[in-house]
4 protein chains.
Amino acid sequence: MGQAAPVSTNHQEKLERLLELSAEIFADKGYHNTSIRDIARASGVSLAGLYYYFRSKEELLFRIQERLLRTVLDDLRRRLDDVHDPRERLRIFVHSHLRVFAQRRPAMKVLVHEYDSLTGEHREHIRALRHEYMETCLGILRDVRRFCGSGDAVVLRVAAFALFGMMNWTYTWYRPEQDVSVERLAEQLYRLFLGGFLRSGDAGRHLDRCAEPLGPGDAPWRS
Amino acid sequence: MGQAAPVSTNHQEKLERLLELSAEIFADKGYHNTSIRDIARASGVSLAGLYYYFRSKEELLFRIQERLLRTVLDDLRRRLDDVHDPRERLRIFVHSHLRVFAQRRPAMKVLVHEYDSLTGEHREHIRALRHEYMETCLGILRDVRRFCGSGDAVVLRVAAFALFGMMNWTYTWYRPEQDVSVERLAEQLYRLFLGGFLRSGDAGRHLDRCAEPLGPGDAPWRS
Amino acid sequence: MGQAAPVSTNHQEKLERLLELSAEIFADKGYHNTSIRDIARASGVSLAGLYYYFRSKEELLFRIQERLLRTVLDDLRRRLDDVHDPRERLRIFVHSHLRVFAQRRPAMKVLVHEYDSLTGEHREHIRALRHEYMETCLGILRDVRRFCGSGDAVVLRVAAFALFGMMNWTYTWYRPEQDVSVERLAEQLYRLFLGGFLRSGDAGRHLDRCAEPLGPGDAPWRS
Amino acid sequence: MGQAAPVSTNHQEKLERLLELSAEIFADKGYHNTSIRDIARASGVSLAGLYYYFRSKEELLFRIQERLLRTVLDDLRRRLDDVHDPRERLRIFVHSHLRVFAQRRPAMKVLVHEYDSLTGEHREHIRALRHEYMETCLGILRDVRRFCGSGDAVVLRVAAFALFGMMNWTYTWYRPEQDVSVERLAEQLYRLFLGGFLRSGDAGRHLDRCAEPLGPGDAPWRS
DNA sequence: AATGAATGAGGGTTCATTCAT
DNA sequence: CATGAATGAACCCTCATTCAT
């Protein structure tokens with residue numbers, strides 16, 4: 001009677017604490033430069049004890065990335081739910097991304113910086129989630145353009161990557177505690193991007209030597 | 001005067017070939033995931049032989065980054081030499097950066113991705129060169145703003161990082177051979193940035209919780 | 001009187017199932033290459049649960065060997081009970097050994113292949129049972145010889161080991177389902193051995209450098 | 001001028017010393033129960049230093065087995081070279097096998113006992129060599145039978161395995177220093193086998209329930 | 001009677017680096 | 001200049017085993 005399955009909950013909680021902690025260490029020293037022993041030491045769990053929670057170091061990395069991506073995607077979907085104005089949707093996208101970045105900095109750095117450290121199925125799995133996120137972004141941009149001008153696929157793709165670049169690069173310099181607030185950062189990046197995006201048109205088209213259309217990139221951010 | 005130290009030249013050439021090759025491998029597998037043996041194997045030089053050219057693995061990483069940064073800075077200075085129009089200077093900055101990125105992709109990825117892998121003096125040295133580069137960028141942005149509007153330091157800083165983010169992030173997705181040409185990419189990013197930069201003003205200022213004054217605001221974006 | 005401890009019976013049954021299963025796995029992968037976890041997985045019992053049935057991995061190995069040896073010895077004694085013809089006794093010995101081999105292949109392989117994996121008292125205990133079995137065999141051979149010729153102890157010993165070699169080696173090649181029937185295999189080995197045994201005499205005696213007397217020689221084989 | 005490549009020779013010598021030593025330890029403690037550290041300790045070479053000579057523990061096991069098998073096969077071929085009498089050829093086979101067994105006991109035990117510890121290509125390679133050896137044996141037995149009686153394939157196969165069993169099993173009990181001389185052991189086993197082989201005919205044929213002929217087994221001793 | 005959680009010890013292997021030649 | 005040979009330290013991971021429940 002009363003609460004059910006407290007054991008499982010306990011396990012889940014401890015696991016999440018370990019994910020959080022590991023993300024911090026990976027973010028700090030880099031995945032390959034972090035030893036499982038480092039994590040054992042920091043967590044107070046024995047070396048072997050960790051393997052009760054993850055099958056391998058790479059699975060640990062994978063779980064960190066997957067958990068964050070799911071959070072990001074869920075959060076975004078919820079926020080976009082009943083918003084229809086294209087620019088407002090873009091604004092929400094930028095703000096949501098950066099807010100999560102600020103709140104979960106270590107995991108975000110790991111997600112952005114250590115994608116290449118994954119291999120095999122782990123990588124494939126994360127690639128798929130990143131792809132989904134990228135598609136969401138491209139959809140929004142398409143709507144903005146349809147509303148305000150032409151929607152060249154190549155231009156859209158470059159713009160999307162530019163936007164991700166602006167946002168993701170923050171992990172190299174932005175510290176929420178020392179810099180401007182996330183809200184203001186997000187707003188500035190949003191306006192910076194939107195301002196240029198709306199007027200960029202098919203910039204430099206005439207310069208391009210490759211004629212063929214590129215089609216939708218298979219790379220999410222980059223596979 | 002006699003022969004000008006042909007041995008030395010030979011040495012220099014071989015060293016540069018090794019730097020290039022190592023950059024490729026580091027870019028491909030990551031610095032920490034690459035072993036000196038990998039480099040020995042790929043170069044045909046014996047394991048011990050490599051240590052004639054570098055004192056340590058980290059020095060190898062350092063040389064790759066330093067060499068590229070010097071190239072970038074020199075190239076940029078030369079191109080900016082007698083150009084005075086602020087926007088044209090910004091345009092040159094963007095194009096120069098991306099052209100080098102495209103021409104020396106492996107080294108660029110290493111420069112961008114493996115900065116944290118440096119320690120001690122090596123890191124400090126590279127930090128200084130990066131700082132110099134950043135200052136050049138900020139100087140250009142300041143000029144653009146002075147020409148066209150207010151030049152809030154915080155806004156400038158965020159804009160500069162946004163620009164770097166857009167450009168540096170390309171290492172994760174842009175392939176010169178498969179994507180749009182570098183020229184077009186550069187032009188689009190330049191316009192995207194400039195368009196937003198010129199109209200972004202002190203976006204979101206009222207949202208900010210930080211107290212410090214930011215200079216006279218201009219018209220809100222939405223008006 | 002009442003019920004005869006049904007719990008205990010349950011326990012005994014489960015234990016025997018575990019012995020059987022473990023024998024299979026040990027036979028397949030080798031004792032040292034098998035982990036307790038493998039056994040837990042295969043049996044569906046939890047890792048810790050297994051330790052209710054055995055005190056240690058080695059005790060598990062010991063029980064497998066001991067159980068089989070007792071079976072073999074009991075079976076043999078029963079079959080030899082009222083048989084007095086020496087050759088018939090030998091025949092029974094061979095058939096019995098090989099029949100058990102065929103019926104309990106995994107355990108037999110473990111018994112033959114993993115004797116060295118035992119240590120201390122476990123090893124000593126099994127050694128004693130094996131010795132008993134060997135003595136039974138030697139006794140039979142002695143009778144055969146006494147019946148048909150001289151009974152040199154050395155010759156007997158070598159012959160006994162030869163017989164065991166022929167029989168035990170079957171674990172490396174004989175598969176009851178694919179090869180000749182056990183009956184035929186047993187009969188052929190029996191005749192092969194008996195044929196040679198009866199005529200081998202003190203073969204090669206003159207070749208031997210050992211000085212110890214070997215008893216009166218009989219006619220050379222070639223005569 | 002003078003001797004060529006002394007370095008290579010040195011390397012080869014050291015490697016062979018390591019093979020020999022490792023064979024002893026594997027024979028003594030078993031392959032899976034021996035750690036590379038044990039070998040390092042016994043050889044005086046550092047742990048990492050060993051990996052200059054073998055790529056892996058399994059390759060070490062493989063080399064031990066391969067080296068011995070090549071020795072055995074070469075030796076046997078040389079001895080059989082100009083001998084034509086079938087019985088003499090059989091005699092040479094048995095003597096050769098046991099002499100090598102006695103001279104290289106540790107390696108022989110490893111070859112016989114640790115075949116299952118090999119995997120993948122290593123195993124396949126050894127399997128092929130064992131097969132070649134087995135075929136040589138079968139060829140000899142066929143000749144003996146053709147000379148003296150019928151040559152049933154199944155009987156031959158069983159006889160061959162019986163012979164191998166007699167000989168290989170010696171690793172479990174025979175100590176050249178304490179037992180009869182190798183020559184005498186070989187002679188006795190040879191006569192024991194030949195005596196039975198020549199008179200065994202198609203023993204127990206009528207007992208067999210499986211009718212189909214077995215054809216030449218693919219297993220050497222047992223793959 | 002059974003298990004989830006945990007651990008110390010040790011496994012095979014790779015690493016950056018050195019040094020005599 | 002260049003290398004073959006060697007090493008100490010550290011890596012990730014698995015092991016048999018225990019103990020509170």
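Protein chains get the first letters and strands the later ones, always in sequence-line order, with residue 1 at the start of each.
Residue C/E124 places its CD atom among more than 12 non-hydrogen atoms of other residues, nucleotides or ligands, all under 6.0 Å distant.
With rounding to whole Å, A/H32 atom NE2 is found 11 Å from F/dC12 atom P. Following rounding to the nearest Å, D/Y31 (OH) and E/dG11 (P) show an atom-to-atom distance of 13 Å. The nearest whole Å value for the distance from the CG atom in B/L61 to the C1' atom in E/dA16 is 14 Å. When the P atom of F/dG4 is taken as reference, atom CD of D/Q12 falls 16 Å away, rounded to whole Å.
The distance between the ring centers of C/Y53 and C/H11 falls below 6.0 angstrom.
Salt bridge annotation for A/R123-A/D116: present, with a cationic side-chain nitrogen under 4.0 angstrom from a carboxylate oxygen. Ion pairing between C/E59 and C/R63 holds under the 4.0 Å rule for side-chain N and carboxylate O.
Looking at DNA chain E, the stems built from 3 or more consecutive Watson-Crick or G-U wobble pairs, each pair with its key distances under 3.5 Å, are E:2-21 with F:2-21.
Listed in residue order, the members of residues 17-30 of chain C having a heavy atom less than 4.0 Å from DNA chain E come to none. Residues from residues 34-59 of chain A with heavy atoms under 4.0 angstrom of DNA chain F, sorted by number: A/T34, A/S35, A/I36, A/R37, A/L47, A/A48, A/Y51, A/S56, A/K57.
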Show, in sequence, the C-alpha distance, side-chain angles and deciding distance for A/R70 and A/E66, and conclude whether the salt bridge (charged side-chain N to carboxylate O under 4.0 Å, His left out) test is met. CA-CA 6 Å; A/R70 286 210 192 285; A/E66 196 217 15; 3.0 Å; yes
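Taking 4.5 Å as the limit, some side-chain heavy atom of A/H125 sits within range of a side-chain heavy atom of A/L129. Using a 4.5 Å heavy-atom threshold, the side chains of D/S22 and D/L50 count as separate.
Between A/L60 and A/I39, the shortest heavy-atom distance links the atoms CD2-CD1, 3.7 Å. In plain terms, the two heavy atoms of B/E114 and B/G30 that are nearest each other are OE2-CA, 3.5 Å. Closest approach of C/Y51 to C/S56, counting heavy atoms only: CE2-CA, 4.3 Å.
Note on B/K14: a side-chain N or O is less than 4.0 Å away from OP1 or OP2 of F/dA2.
Relative to the six-membered ring of C/F26, C/K109 misses at least one condition, a distance below 6.0 Å or an angle of at most 45° to the axis.
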